[in-house]
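Heads up: the structure comes next, in structure tokens.
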Amino acid sequence: MMEVIEGCRLPVLRRNQENEDEWPLAEILSVKDINGRKVFYVHYIDFNKRLDEWVTPERLDLKKIQFPKKEAKTPTKNGLPGSRPNSPERELKRKLEAVSLATQCSPATPVAAASEIPTPVYAQQNGSARRPVSVGAGRKRKANCLGTDEDSQDSSDGIPSAPRMTGSLVSDRSHDDIVTRMKNIECIELGRHRLKPWYFSPYPQELTSLPVLYLCEFCLKYLKSLKCLQRHLTKCNLRHPPGNEIYRKGTISFFEIDGRKNKNYSQNLCLLAKCFLDHKTLYYDTDPFLFYVMTEYDCKGFHIVGYFSKEKESTEDYNVACILTLPPYQRRGYGKLLIEFSYELSKVEGKTGTPEKPLSDLGLLSYRSYWSQTILEILMELKSENGERPQITINEISELTSIKKEDVISTLQYLNLINYYKGQYILTLSEDIVEGHEKAMMKRHLRIDSKCLHFTPKDWSKRGKW
């Protein structure tokens with residue numbers, strides 16, 4: 001065990017989704033002593049970081065250990081060797097002083113330019129021409145980096161304020177280090193749920209050693225003990241997120257929160273979200289952002305289910321900066337509901353939108369599924385007139401759905417619908433695709449009702465309104 005140090009790689013025993021034992025290769029990120037016994041924090045190579053965990057020596061296969069290669073010392077101008085790399089403690093101190101923390105992001109999804117596909121494009125099914133589609137030219141824009149803000153935290157319970165920071169879907173790889181790679185919160189209690197964080201979140205360091213971090217489920221303030229939470233609940237008057245309720249149908253509601261008017265809530269929301277978003281970058285100001293929080297209502301109040309943030313003014317047509325469904329509500333259709341709501345807002349604004357890229361792995365799956373179902377729904381509703389092939393253009397699909405043209409084209413390519421036939425590009429809707437789409441739509445019970453949306457877009461170009 002004395003030879004196992006940070007940077008070593010070796011097989012580690014873990015239980016997979018099929019409840020079977022396996023020995024994937026893992027890297028040792030940290031070693032610590034608990035009651036005189038060593039435990040090891042490991043990252044499974046080629047696995048998502050959410051699976052990282054502390055393991056005991058019995059789970060390590062020491063026979064196949066790979067020691068880290070010694071790095072060559074870099075000479076300075078005077079010919080002397082360079083300085084040693086920072087320790088985790090020194091690195092954490094530097095990060096907190098710089099007030100900038102980030103984690104590694106997932107690879108971007110390739111999106112084809114619209115100009116790569118000529119016009120017209122025809123849709124066929126089983127050899128019979130059905131839906132001609134002409135493709136318009138796409139516009140090229142510069143990449144943009146944005147996010148959500150973190151501001152000061154009320155420290156009336158003896159908890160120091162967290163640093164100011166902002167979350168974004170785009171992160172800076174240069175800040176991906178040993179500190180931010182390791183989970184620092186053991187457990188979070190939020191209302192009736194206990195959540196096990198997936199990733200690092202920059203809560204105050206004094207809270208990271210606690211077995212449970214307590215959050216008020218309405219204002220999201222973090223507290224160090226159950227007694228502090230109970231005392232806080234006697235003073236907290238909120239029973240729903242601050243801001244305006246702009247949508248309600250059944251028990252589902254959406255609240256619009258201005259990042260300038262509700263900075264504390266915005267900070268707390270981003271700190272919570274960072275526990276489950278690996279790609280979220282942390283910077284500064286919340287003022288340029290809006291937060292849309294989805295809740296479920298019961299007799300005790302409006303309980304947070306998930307949220308997305310967006311830039312008040314986006315030069316890149318982004319309609320989502322960060323998006324998250326909390327783990328207790330995942331795999332129940334709420335993710336698609338959040339995405340559908342973001343595009344419903346874009347329809348009211350009269351714009352096409354796209355999420356800020358690169359997306360997380362789960363975000364990419366959700367968006368691909370939503371784009372596929374929405375576009376197929378449009379194509380399958382087309383009807384021929386006078387025996388001629390029904391026609392629709394990419395621009396028309398984009399206008400009907402508010403999905404950006406580049407995302408429409410990339411989705412058609414992902415579904416493998418575009419084929420070359422008799423000198424033209426066609427869209428082929430096979431029976432398998434049609435049947436799969438119909439089955440998926442039957443399972444999709446949660447949908448946004450535009451009649452229940454009460455939303456008036458604001459002109460954020462006038463900075464006085466911020």
Side-chain angles (χ1 to χ4, degrees), residues 109 111-139 317 319 333 336-337 339-355 365-451 453:
T109 307
V111 178
S115 57
E116 294 178 6
I117 305 174
T119 58
V121 177
Y122 293 96
Q124 289 190 345
Q125 183 172 7
N126 297 333
S128 59
R130 286 189 59 191
R131 301 174 175 85
V133 181
S134 60
V135 184
R139 292 175 294 174
D317 296 332
N319 63 354
K336 281 196 183 71
L337 200 67
I339 296 173
E340 186 178 3
F341 189 78
S342 70
Y343 281 105
E344 202 65 39
L345 296 182
S346 296
K347 291 178 184 178
V348 177
E349 294 170 342
K351 301 176 181 178
T352 59
T354 186
L365 290 174
S366 297
Y367 266 95
R368 274 182 174 170
S369 179
Y370 173 79
W371 289 334
S372 300
Q373 292 179 7
T374 304
I375 294 171
L376 286 173
E377 200 170 22
I378 294 293
L379 295 178
M380 292 175 63
E381 288 177 355
L382 294 177
K383 297 180 180 179
S384 59
E385 298 179 359
N386 301 324
E388 296 181 357
R389 298 165 178 167
Q391 297 191 11
I392 189 171
T393 66
I394 293 294
N395 284 336
E396 288 172 342
I397 295 176
S398 182
E399 291 173 3
L400 288 171
T401 61
S402 283
I403 300 174
K404 203 171 182 181
K405 288 184 292 184
E406 288 81 357
D407 294 330
V408 173
I409 295 169
S410 67
T411 302
L412 294 174
Q413 292 175 330
Y414 170 74
L415 294 172
N416 201 25
L417 298 183
I418 298 178
N419 296 281
Y420 193 72
Y421 180 74
K422 292 185 178 180
Q424 294 178 328
Y425 284 89
I426 62 171
L427 297 180
T428 305
L429 295 179
S430 65
E431 292 183 358
D432 292 340
I433 290 178
V434 173
E435 291 177 1
H437 171 71
E438 291 175 347
K439 290 180 181 179
M441 295 305 293
M442 289 177 63
K443 297 178 181 178
R444 191 173 162 187
H445 303 294
L446 295 175
R447 298 296 299 268
I448 295 295
D449 186 352
S450 58
K451 297 178 182 178
L453 177 63

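Applying the side-chain hydrogen bond (donor to acceptor under 3.5 Å, both in side chains) criterion to Ser402, with sequence neighbours excluded, gives no partner residue. Partners of Thr354 by side-chain hydrogen bond (donor to acceptor under 3.5 Å, both in side chains), not counting sequence neighbours, listed by chain and number: Lys357, Asp407. Under the rule for a side-chain hydrogen bond (donor to acceptor under 3.5 Å, both in side chains), the partners of Glu349 that lie at least two apart in sequence or sit in another chain are Lys310. Annotation: side-chain hydrogen bond (donor to acceptor under 3.5 Å, both in side chains) contacts of Tyr370 (sequence neighbours excluded): none. Every residue meeting the side-chain contact (heavy atoms from CB on, under 4.5 Å) condition with Glu396, not counting sequence neighbours, appears here in chain and number order: Ile392, Thr393. Under the side-chain contact (heavy atoms from CB on, under 4.5 Å) criterion, Ser450 pairs with Glu344, sequence neighbours left out. Residues passing the salt bridge (charged side-chain N to carboxylate O under 4.0 Å, His left out) test with Arg444, sequence neighbours excluded: Glu340. Applying the side-chain contact (heavy atoms from CB on, under 4.5 Å) criterion to Ile433, with sequence neighbours excluded, gives Leu376, Leu417, Ser430. Legend: residues meeting ring pair (Phe, Tyr, Trp, His ring centres under 6.0 Å) with Phe341, ordered by chain and number and at least two apart, are Tyr247, Phe254. With sequence neighbours excluded, the residues forming a side-chain contact (heavy atoms from CB on, under 4.5 Å) with Ser398 are Thr352, Lys405, listed by chain and number.
Here the closest heavy-atom approach between residue Met380 and residue Val434 is recorded as CE-CG1, 3.4 Å. Of all heavy-atom pairs between Tyr343 and Gly353, the closest is CE2-O, 3.4 Å.
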Side chain to side chain donor-acceptor pair (under 3.5 Å) between Ser366 and Lys336, worked out: CA-CA 6 Å; Ser366 297; Lys336 281 196 183 71; over 6 Å; no
Trace of the side chain to side chain contact (heavy atoms under 4.5 Å, CB included) decision for Asn319 with Leu345: CA-CA 8 Å; Asn319 63 354; Leu345 296 182; over 6 Å; no
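Here the straight-line distance linking atom CD1 of Ile448 with atom CD1 of Ile339 works out to 11.5 Å at 0.5 Å rounding. The structure places CG of Leu415 at 9.5 Å from CG of Leu429, a figure rounded to the nearest 0.5 Å. One finds the CD1 atom of Ile397 at 7.5 Å from the CD1 atom of Ile378 (value rounded to the nearest 0.5 Å). The line from CG of Leu427 to CG of Leu379 is 6.5 Å long, rounded to the nearest 0.5 Å. Put simply, NZ on Lys347 and OG on Ser342 are 10.0 Å apart, with the number rounded to the nearest 0.5 Å. One finds the CD atom of Gln373 at 5.5 Å from the CE atom of Met441 (value rounded to the nearest 0.5 Å).
No side-chain donor-acceptor contact under 3.5 Å links Ser369 to the backbone of Leu365.
Taking the side chain as every heavy atom from C-beta outward, Lys351 and Lys404 never approach each other to under 4.5 Å. The closest side-chain heavy-atom distance from Val408 to Trp371 is not below 4.5 Å.
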